[in-house]
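Just so it is clear: chains get the letters A, B, ... in the order the sequence lines come, proteins before strands, and each one is counted from 1. This structure is a prediction, so every number in the text was calculated from the model and none was measured.
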Amino acid sequence: MIGAAVLAMVVVPVVVALVTWAARLSRVAGPLALAASIVMLGCAAFTGARVYEDGPQSAAGNLVYVDSLSVIILVLITFVGVCAVLNSLHYVAHDVAHHELGERDPARYYALLLVFMATMATVPVVNNLGVMWVAIEATTIVSVLLVSIYRTGPALEAAWKYLVIGSVGIALALFGTMMIYYTSSSIVGESASALSWTELQRLSAGLDPRVMRLSFIFVLVGYGTKAGLAPMHTWLPDAHSQAPSPVSGLLSGVLLNCALYAILRFRIVALPSVGAGYTDHLLIAFGLFSIALAVPFLIVQNDIKRMLGYHSVEHMGIIVLAIGIGGPVALYAAMLHLVAHSLTKSSLFFAAGSIVQAFHTRSMHRMRGLLKVMPIAGGGRMVGVFGLAGLPPLAMFTSEFGLVAGAFQTGRGAVAIVAAIFITLAAISLLYHSVEVAYRQAGPKATLHRISAPVAVSVLLPLAVLVWISIAPPHAFVASLDRAVVVLEGGQ
Amino acid sequence: MSNAYASSAIDNLSVAMLILCIGILWVRSLGRALLLFALQSLMLAAAAVCAGLAMSSTPLLVGAGLTAAIKGIAAPTLLWVVLQRIPTTHDVQALIGRRTGIVVAVVLAIVFAQTFDGQPFVTAIGAQRVLATAVTVMVIGIQIMVTRRQAITQALGFLVIENGMALAALTATYGIPFGVELGVFLDLLLAVFVVFVYTGRMHVIFGSVDTEHMRSLRG
């Protein structure tokens, strides 16, 4: 059954995409994509329920392996996917009406969007590093095409930069993958099982530490490029700001998680042979550097979408830092932060899309009276901003607190203090920019700008879930995070 | 083919690939750079044939055929078509001088020869240099990508990186599992196709494929 659910989750969107694209069904492409994305969410929810009740599941001759860690990533991808399609319905229609997209572009757009979601959903469920690499590289190629769907100079520039830097990064990750295969195949022989997570985890203590150290650094830099860690992040603000906003929401909200997931899995495999000190120091260094580097760009940022892009660099840094600190408290904080960031950031990008379409500008200096002009998108944006700034009682407060507490617990107080200073600076600059946009007196010609119901749902639904898991987290959610922490510590 | 013969052949082919890499840094004409790259891919295919014969492994031989067809012929041809379509100055434009670039590449080759020296990096059939040369080829590919401004050269740099990686995979580990390898080839082909489409668009929008024109996104 798990095999069928996973298969449907990947095959249904690809088939719908091919039909939409081949038959040029621009008019019904949106509803078709929505149906396919709901099927994906259903399959993910079913898989999640099985894993929650019966523990890790494998299928298709051990090619598919799903445990608590993969389920969290998977459910986020499909949930944000449904919201992104909902958000696209109005967004694409608006741009076609304003001749920013051509008559035939909707079919192309929805087809690419569905394939993009299918490739992302493949990443956390495959039990083979090689296949996972192929899936992650495929996400790059498909999302590059989505970034450049507007045929403008800046969009092409962003897409090119993303393709070039992303491909080099991912190539390094492939080299790291091969080095692991090199050492593991010397133990189990040349076969696909030498690349499977479960097999590697079993063998992990016997892998050659010298090869594993090199492998881990290649993988960290490679997939770290895709996860937007500084200093390999330079493509991220460009691509995330030039993409259509629903795609930005997916890129920032869940694609970054896919790359992080790969790093997390490699860390589990590498730990027993190279020792915690090695991986931890690297992760802490990349995490702190990402947080610190984002801050100056956040302070001077005026473009509403670029600002969100730099916040992604910062928050990926926070998650990686928490993983590097290690220990149950910080690892729990990392998983909670990952979930909260996905929900918040996707909602903020969806809202930003409507705001940019209404104000005809991305410059925050030129947006006035957002709360009056767009009460729903503007109000949702403020909740999202409070969440992203880590204000209590929202989940990122808990997770950032957990990061600091975990750091002190493991004797890394200095790291915690430096991180806390930069995180606070980032939060202050975010609040400063956003409060100004929301409350500045609207111009005399400003009129109430309504957004359509699907857009409102796409903005508010992730926030509702965020508030839910922040204030009254259901038992199943907490238990799932706990189990993911066990997986991160090398258990099952 | 005996193991000793195969491993020395692979070592020599890998050094030839490294020299072709430096050749790509040296030549001024984009067309010649493409030709050198095609030659490098054929050397890679030959190395795969050696490994395949030594191991009597059919997947490796099939992989060699795919390498020759896709990296030796299809990808360079596609980029050649771009060159013909776009009236570009055929000169390769570099951010750092050619001579400096070659010095950097040679230093890198020496550093990696030291890093990848010793027991865990000797391949099972006894090829000793191939992993070090493979990594050097990859890093010179990165160097080509970051120091050159023409979009076509940047794509070429990416393909050189891929060649270095494939060299490491085909010889050090006798190839990754065949299904994975097919996926890698598919992704590579798609990436080159995207480059093909984008260079056309760049020419329409900016009137050239010099990436210097794409500097509007900053800060």
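Both the backbone and the side chain of B/Ala151 come within contact range of chain A, with heavy atoms under 4.5 Å apart. Of the two parts of A/Leu163, only the side chain, counted from C-beta on, holds a non-hydrogen atom closer than 4.5 Å to a non-hydrogen atom of chain B. With a 4.5 Å cut-off on non-hydrogen atoms, A/Leu145 touches chain B through its backbone and its side chain both. With a threshold of 4.5 angstrom between heavy atoms, A/Asn302 does not approach chain B through any atom at all. Both the backbone and the side chain of B/Met202 come within contact range of chain A, judged by heavy atoms closer than 4.5 Å. Heavy-atom distances place both the backbone and the side chain of A/Val144 under 4.5 Å from chain B. Proximity to chain B is absent for every atom of A/Ala194, based on heavy atoms less than 4.5 angstrom apart.
Cation-pi check for B/Arg85 over B/Phe196 is met; the charged atom lies under 6.0 angstrom from the ring centroid and within 45 degrees of its normal.
Here the options are A/Leu112, A/Leu114, A/Leu113, the test is side chain to side chain contact (heavy atoms under 4.5 Å, CB included), and the partner is A/Val142; only A/Leu112 passes.
Across A/Ser167, A/Ser186, A/Ser241, A/Ala138, the residue that shares the most heavy-atom pairs under 4.5 angstrom with chain B is A/Ser167. With respect to chain B, the highest number of heavy-atom pairs below 4.5 Å among A/Leu174, A/Ile170, A/Thr234 belongs to A/Leu174. Contact count versus chain A (heavy atoms, under 4.5 Å) is highest, among B/Met145, B/Glu162, B/Arg201, for B/Arg201. Heavy-atom pairs under 4.5 Å with chain B peak, among A/Lys161, A/Arg151, A/Glu137, A/Glu157, at A/Glu157. Each of B/Ile205, B/Asp187, B/Leu186 has some count of heavy-atom pairs under 4.5 Å with chain A, and the biggest count is that of B/Asp187.
Looking only at side-chain heavy atoms (C-beta outward), A/Asn62 and A/Glu199 stay at 4.5 Å or farther from each other.
Heavy-atom minimum distance, A/Leu251 versus A/Ala239: CD1-O, 4.3 Å. Closest approach of A/Tyr310 and A/Ala294 over heavy atoms only: O-CB, 3.6 Å.
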Checklist line | Steps toward side chain to side chain donor-acceptor pair (under 3.5 Å) verdict (B/Tyr198, A/Ser148) | finding: CA-CA 9 Å; B/Tyr198 278 8; A/Ser148 66; 2.5 Å; yes

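In this structure, A/Thr140 OG1 and A/Ile165 CD1 are separated by 12.0 Å, a value rounded to the nearest 0.5 Å.
Residues meeting the ring-ring contact (aromatic ring centres under 6.0 Å, His included) test with A/Tyr109, sequence neighbours left out: none.
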